[in-house]
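Letters A, B, ... are given to chains in the order of the sequence lines, protein chains preceding strands, and every chain is numbered from 1. As the structure is a prediction and not an experimental result, all values here were calculated from the model.
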There are 2 protein chains.
Amino acid sequence: MFQIDPMARTPIYEQLTAQIERLVLLGVLQPGDALPSVRNLSCELAVNPNTVQKAFNELYQRGVLAAVPGRGCFVAPDAREHLQTVGREKLDGFRELAHELLLAGISKKDLIDAIDQADKKEGEAE
Amino acid sequence: MFQIDPMARTPIYEQLTAQIERLVLLGVLQPGDALPSVRNLSCELAVNPNTVQKAFNELYQRGVLAAVPGRGCFVAPDAREHLQTVGREKLDGFRELAHELLLAGISKKDLIDAIDQADKKEGEAE
DNA sequence: CTAACTGTATTATAACGCATAATACAGTTA
DNA sequence: TAACTGTATTATGCGTTATAATACAGTTAG
């Protein structure tokens with residue numbers, strides 16, 4: 001269900017948070033759903049339990065996950081709303097990147113084409 | 001001419017490379033123009049000379065700068081072309097980010113609006 | 001030629017983030 | 001009770017970033 005690349009330049013715990021957020025947005029993980037336990041997931045990914053917990057901790061603070069000590073870790077009821085808020089905050093970075101690419105000579109049309117491709121891809125099952 | 005934030009999460013040498021690339025794209029630095037010497041710039045920015053050289057080294061490998069030992073460091077003749085190539089390579093990341101934002105519920109129109117804003121900003125003197 | 005500049009290279013050190021390892025404690029549940 | 005759950009702690013190793021102190025070679029103005 002989860003995949004990790006230990007050799008990537010992005011930290012493992014960030015790869016994990018990104019994947020979980022993605023699965024929630026895709027609806028694969030729905031509010032109330034239980035996640036693998038810290039120990040199980042760490043074993044499955046061949047990763048240290050602390051690393052998994054660090055990822056989960058990030059998602060608690062973002063309101064995506066909710067933990068119940070002794071029972072487990074679950075998708076928060078309002079996870080989607082929180083993730084949409086996070087998405088809004090990323091719009092600034094998107095705008096800056098667009099500006100940078102325009103400055104580098106990339107045409108406005110090419111950027112819009114890129115959005116179209118991403119949009120088409122989003123509609124598919126992937 | 002250059003500004004550095006030592007407290008930022010992005011490394012100093014990356015801040016430097018980004019600024020120099022930007023100045024070249026804006027035409028402030030033109031092919032053949034000399035850059036401040038490693039020692040002068042490191043002194044001006046209150047930064048270690050090695051850090052400045054690391055930034056310059058990056059730009060050598062990207063074909064943006066050309067060094068002449070004993071004389072100094074200059075903007076490469078084909079700096080813009082190299083930077084445009086770099087820009088093309090960043091299009092993939094742009095597309096991925098767009099896909100991510102669409103998944104988070106950001107509308108296609110909002111993304112295009114962001115591009116329009118970036119485009120308008122690019123036309124200005126800044 | 002000398003002095004002062006230029007880029008370049010080397011070694012050592014310190015700080016920080018990432019990840020691991022080994023435990024330990026408390027709550028839940030079959 | 002036993003086996004699970006999340007959580008917390010301390011220690012260690014590693015790579016990147018940045019600094020510091022040098023040293024060497026090429027260029028140039030005096």
Throw together a table of side-chain donor-acceptor distances under 3.5 angstrom for residues 31-40 of chain A, partners on residues two or more places apart or in other chains.
| unit_1 | atom_1 | unit_2 | atom_2 | d |
| --- | --- | --- | --- | --- |
| A:Asp33 | OD2 | A:Gln30 | N | 2.8 |
| A:Ser37 | OG | A:Asn40 | N | 3.0 |

| query | Taking only side-chain nitrogens and oxygens of A:Asn40, does any of them come within less than 4.0 Å of OP1 or OP2 of D:dC4? | reply | no

| task | Specify the separation, in whole Å, of atom CZ of B:Arg9 and atom C1' of D:dT17. | result | 16 Å

| Within this structure, what is the CG-to-P distance between B:Leu16 and D:dT19, rounded to whole angstrom? | 11 Å

| task | Go through the structure and list residues passing salt bridge (Lys or Arg N to Asp or Glu O under 4.0 Å) with B:Lys120, not counting sequence neighbours. | result | none

| Do B:Arg80 side-chain atoms and B:Leu25 backbone N/O form a donor-acceptor pair below 3.5 Å? | yes

| Taking the side chain of B:Ala67 as heavy atoms from C-beta outward, which of D:dT5, C:dT8, D:dT17 is closest to it? | C:dT8

| Taking OP1 and OP2 of C:dT6, is either one under 4.0 Å from a side-chain nitrogen or oxygen of B:Ser37? | yes

| note | Considering only heavy side-chain atoms of B:Pro69, the closest of C:dG7, C:dA19, C:dA24 is C:dG7

| Do A:Phe94 and B:Phe94 have ring centres separated by under 6.0 Å? | yes

| A:Thr51 and A:Asn48: side-chain donor and acceptor closer than 3.5 Å? | no

| query | At under 4.0 Å, does any side-chain N or O of A:Tyr13 touch on OP1 or OP2 of C:dA19? | reply | no

| field | Residue A:Asn50, side-chain atoms from C-beta onward, closest of D:dT19, C:dT8, D:dA8 | value | D:dA8

| request: Please report, rounded to the nearest Å, how far the P atom of C:dA19 is from the CG atom of A:Leu41. | output: 14 Å

| query | D:dA18 phosphate, OP1 or OP2: any side-chain N/O from B:Lys54 under 4.0 angstrom? | reply | no

| Which of the following nucleotides, C:dT6, D:dA18, C:dT20, is nearest to the side chain of B:Thr51? | D:dA18

| task | Please determine, for the side chain of B:Asn48, which listed nucleotide (C:dA24, D:dT19, D:dA23) has the closest atom? | result | D:dT19

| field | Under 3.5 Å on both distances, the Watson-Crick or G-U partner of C:dT2 | value | D:dA29

| query | The side chain of A:Arg71 lies closest to which of these nucleotides: C:dT20, C:dT28, C:dG7? | reply | C:dT28

| remark: B:Asn57 atom CG is separated from C:dG7 atom C1', nearest whole Å, by 10 Å

